[in-house]
Protein chains: 2
Amino acid sequence: MGATKTEHFTDQQNQIATIAKALGHPARIAIIEYLMKVNECICGDIVNELPLAQPTVSQHLKELKNAGIIKGSIEGNSICYCIDEKTIDILNTYFLKIIKTVSKAKCC
Amino acid sequence: MGATKTEHFTDQQNQIATIAKALGHPARIAIIEYLMKVNECICGDIVNELPLAQPTVSQHLKELKNAGIIKGSIEGNSICYCIDEKTIDILNTYFLKIIKTVSKAKCC
DNA sequence: AATAATTATCGTAATATTGCAATATAAAAA
DNA sequence: TTTTTATATTGCAATATTACGATAATTATT
């Protein structure tokens, strides 16, 4: 096998997993942190910032974009990327729910 | 290649990525949700709950445990699993910081 | 138009993940 | 002690991910 059985799980479970998975790589976390620092994004600078080749960075950006974590808009011959608040909000709301549930539970 | 270059990133970036990665699979999200529902965990029931074979569930539990998202304690011949609040808290605090930063930023 | 700059895509090698059958391990019950 | 119950580990096949060189595509600049 090797393929995730997404069809067995709910849309929400798949959605949360997809977002979390996209954040499950230190390079992509580093990209998010860089975007937080510079706010308005300077796309090519990410390549200079990270110890990874340009195609690799481009691929990571694509995954973050596919997961809805960042969005990019064309500006001349470069592309401006920035964090998509909506998606982070979805994740945040979800984890807050977990925290709330777990904090009032007694555990083994 | 194929191996993540963790050495190029900070401990915190790797930590967040590791936790997020562990949550990056719908089966593991389903396990978390089941644990939320039953609070005190009934380990073998997860196998009945999910459409996955016992070894597969065991493997997912191991990954959640390695990432610190759940903890397990031996109880007789079974093992009681439950969510580790501390780790969810780390993630939650992290995302709240992102939300705060992004919400006051104007984006392209 | 030719060149430079910016980003994406293709192809590919190395490695990791997913899933399960078979089997091992350990404790409880008979 | 044998059997049952519960979970983990091993081994393996299928697939996915990571990383990058080479190259394509697109727009700006000259």
Side-chain angles (χ1 to χ4, degrees), chain A residues 1-9 13-14 17-31 34-35 41-67 70-82 108, chain B residues 1-9 13-14 17-31 34-35 38 40-67 70-82 108:
Chain A
M1 315 288 149
T4 298
K5 293 183 153 186
T6 50
E7 69 278 10
H8 290 315
F9 304 99
Q13 285 167 345
N14 281 311
T18 299
I19 302 170
K21 190 177 184 179
L23 292 170
H25 192 290
R28 294 194 285 266
I29 294 294
I31 289 172
Y34 182 71
L35 283 173
C41 60
I42 304 146
C43 178
D45 286 354
I46 296 169
V47 176
N48 298 327
E49 195 71 7
L50 298 190
L52 295 170
Q54 181 268 321
T56 308
V57 171
S58 188
Q59 201 174 299
H60 283 306
L61 287 170
K62 192 180 174 184
E63 275 174 69
L64 286 169
K65 203 171 143 207
N66 285 343
I70 62 172
K71 48 190 173 178
S73 57
I74 299 168
E75 261 182 35
N77 65 339
S78 64
I79 291 171
C80 178
Y81 281 112
C82 58
C108 44
Chain B
M1 315 288 147
T4 297
K5 294 183 153 184
T6 50
E7 70 276 10
H8 290 316
F9 304 100
Q13 286 168 346
N14 281 311
T18 299
I19 302 169
K21 189 177 184 179
L23 293 170
H25 193 289
R28 295 195 284 267
I29 293 294
I31 289 173
Y34 182 72
L35 283 173
V38 298
E40 268 262 310
C41 59
I42 305 146
C43 179
D45 287 356
I46 296 170
V47 176
N48 298 327
E49 195 71 8
L50 299 191
L52 295 170
Q54 181 269 319
T56 308
V57 172
S58 188
Q59 200 174 300
H60 283 307
L61 286 170
K62 193 179 174 184
E63 275 173 68
L64 286 169
K65 204 171 143 208
N66 285 344
I70 63 172
K71 48 190 174 180
S73 57
I74 299 168
E75 260 181 36
N77 66 339
S78 64
I79 291 171
C80 177
Y81 282 111
C82 59
C108 44

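- Following rounding to the nearest Å, Ile70(B) (CD1) and dT7(D) (P) show an atom-to-atom distance of 12 Å.
- The two residues Glu63(B) and Ala22(B) have their closest heavy-atom pair at O-CB, 4.1 Å.
- Within residues 59-66 of chain B, the residues that have a heavy atom under 4.0 Å from DNA chain C are, in order of number, Gln59(B), His60(B), Glu63(B).
- What separates CD of Glu49(B) from P of dA6(D) is a distance of 16 Å, to the nearest Å.
- A side chain to side chain contact (heavy atoms under 4.5 Å, CB included) with Ile70(A) is found for one member of Arg28(A), Lys65(A), Lys62(A) and no other, namely Lys65(A).
- A distance of 8.0 Å separates CD1 in Ile31(A) from CG in Leu52(A), rounded to the nearest 0.5 Å.
- Residue Ser58(B) is classed as a base contact, given a heavy-atom separation below 4.0 Å to a base.
- Side chains of Asp45(B) and Tyr34(B) form a contact here, defined as non-hydrogen atoms less than 4.5 Å apart.
- Within the 4.0 Å cut-off from OP1 or OP2 of dC20(C), at least one side-chain nitrogen or oxygen of Thr56(B) is found.
- Note on Ile74(B): nothing from the nucleic acid sits closer than 4.0 angstrom, heavy atoms only.
- The shortest side-chain heavy-atom distance between Lys71(A) and Cys82(A) falls under the 4.5 Å cut-off.
- Place Ala53(A) and Thr4(A) on DNA chain D by their nearest nucleotides, and Thr4(A) ends up nearer the 5' end.
- One donor-acceptor pair, N or O on each side, does fall under 3.5 Å between the base of dA8(C) and the side chain of Gln54(A).
- Following rounding to the nearest Å, Ile79(A) (CD1) and dA5(C) (P) show an atom-to-atom distance of 18 Å.
- Using bins of under 30°, 30° to 60° and over 60° for the plane-to-plane angle, the ring pair His25(A)/His60(A) lands in the tilted bin.
- Mapped onto DNA chain C by nearest heavy atom, Ser78(A) and Pro55(A) fall at different nucleotides, with Ser78(A) at the one closer to the 5' end.
- For the pair Glu75(B) CD and dA26(C) C1', the computed distance is 16 Å after rounding to whole Å.
- Contact check of residues 17-30 of chain A against DNA chain C (heavy atom, cut-off under 4.0 Å) returns no residues at all.
- Checked by distance alone, Asn77(B) brings a side-chain donor or acceptor within 3.5 Å of a matching partner on the base of dT5(D).
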